[in-house]
Amino acid sequence: MQFANNYLQPITLTAAAGTAALSLADGTYRLTIADSATAATRWEIVDADVVGGNAALTRGQEGTAVQDWGAGSVIYCTLTAGTFQSILARLDALEAPPTNVLTFEIVSAAVPPEMVPPGFGGTGFSAGMEVGSLVSAPVELGGAAVTVTQVMSLVNSTGETTLYGIGIGGTTEGTTEPAEYILSAPGYEDQTVVLQQDATDWFIELVDLPTGQLWPDGPVTVTLTPV
């Protein structure tokens, strides 16, 4: 769809006409016909496919009636309600969150210190350690049905620099296809991760990051957006 600033020209057109000579550059336009340039009482919206000054017209757009247009009528380019609504719909679609985002909802809790080696720590959900709880999670990853048994934030302070990470994993009876995601979680925004599998275990790991955090007790959301 193209637009032309300040375009207006006289026109006469029968209701049966499907073409018109228009002084517009080649392109497709949505135009309005009115019975007067200054005191219009009726209108018709048309689509015009212009090539070399000749336009093929699609009449009666946006619920307007196909009509005869006699002397004094004009055709002009303006923003119609239908065009404006189409623009808004496209903007809404662009601003809407992706529909293919995978979401893990957990209630986070801290791993008891006696359950991890000195200098290591973790918070989140772990079925094996009976830490935290899983509220909701995807039932399929990489084209295979999966069970989620862990969504954890991790810390390693045994070296000169404290390192952080995330571990998400579980089991599957199928074969997951390797897939790349953008992971976002509290303290970890827009991190690239890869779905991997070892026998019946699947896992997504984010390790050795110089910045991050252990999640506090309470609700935590982790999202994976396919790349």
When clusters are formed by joining ILVMFWY residues with side-chain heavy atoms under 4.5 Å apart, either directly or through shared neighbours, do [X] and [Y] land in the same one?
| X | Y | answer |
| --- | --- | --- |
| Val193 | Met152 | no |
| Phe3 | Leu88 | yes |
| Val50 | Ile45 | no |
| Phe104 | Val139 | no |
| Leu57 | Tyr7 | yes |

Under the 3.5 angstrom rule, does the side chain of [X] hit a backbone N or O of [Y] as a donor-acceptor pair?
| X | Y | answer |
| --- | --- | --- |
| Asn156 | Leu163 | no |
| Gln191 | Leu183 | no |
| Ser157 | Thr162 | no |
| Ser184 | Asp190 | yes |
| Thr172 | Ala145 | yes |
| Gln67 | Ala65 | yes |
| Trp43 | Thr32 | no |
| Arg59 | Ala16 | no |

Would Arg42 and Trp69 count as a side chain to side chain contact (heavy atoms under 4.5 Å, CB included) if you check the C-alpha gap in whole Å, the side-chain angles of each, and the deciding distance to 0.1 Å?
CA-CA 10 Å; Arg42 55 192 182 91; Trp69 298 99; 3.5 Å; yes
Taking all non-hydrogen atoms of both residues, which atom of [X] and which atom of [Y] are closest, and how far apart?
| X | Y | value |
| --- | --- | --- |
| Leu195 | Tyr181 | CB-CE1, 3.9 Å |
| Ala4 | Leu24 | CB-CD2, 3.7 Å |
| Ala109 | Val131 | O-CG1, 3.3 Å |
| Ala48 | Leu31 | CB-CD1, 3.8 Å |
| Ala34 | Ala40 | CB-CB, 3.8 Å |
| Ile166 | Ala185 | CD1-CB, 4.1 Å |

For the [atom1] atom of [X] and the [atom2] atom of [Y], what is their distance to the nearest 0.5 Å?
| X | Y | atom1 | atom2 | result |
| --- | --- | --- | --- | --- |
| Asn5 | Cys77 | CG | SG | 8.0 Å |
| Gln150 | Thr171 | CD | OG1 | 12.0 Å |
| Asp92 | Ile87 | CG | CD1 | 12.0 Å |
| Leu13 | Ser73 | CG | OG | 9.0 Å |
| Thr28 | Asp49 | OG1 | CG | 4.0 Å |
| Glu130 | Met115 | CD | CE | 7.5 Å |

With side chains defined as the heavy atoms from C-beta onward, is the minimum distance between [X] and [Y] less than 4.5 Å?
| X | Y | value |
| --- | --- | --- |
| Ile33 | Ile11 | yes |
| Val101 | Leu224 | no |
| Gln9 | Val74 | no |
| Phe125 | Val107 | no |
| Ile168 | Trp202 | yes |
| Val207 | Tyr164 | no |
| Ile75 | Leu22 | yes |
| Ser126 | Thr149 | no |

Could you check whether [Y] and [X], counting side-chain N and O atoms only, form a donor-acceptor pair closer than 3.5 Å?
| X | Y | answer |
| --- | --- | --- |
| Asp35 | Thr41 | yes |
| Ser153 | Thr123 | yes |
| Glu44 | Thr64 | no |

What's the verdict on side chain to side chain contact (heavy atoms under 4.5 Å, CB included) for Trp215 and Ile106, showing C-alpha distance, side-chain angles and the deciding distance?
CA-CA 11 Å; Trp215 300 324; Ile106 67 169; 4.0 Å; yes
[atom1]/[X]: more than 12 non-hydrogen atoms of other groups inside 6.0 Å:
| X | atom1 | value |
| --- | --- | --- |
| Glu173 | CD | no |
| Glu114 | CD | yes |
| Gln2 | CD | yes |

From the list Arg30, Gln61, Glu62, side-chain hydrogen bond (donor to acceptor under 3.5 Å, both in side chains) with Thr80 holds only for Glu62
Identify which one of Glu140, Gln197, Gln196 satisfies the side-chain hydrogen bond (donor to acceptor under 3.5 Å, both in side chains) criterion when paired with Thr176.
Gln197
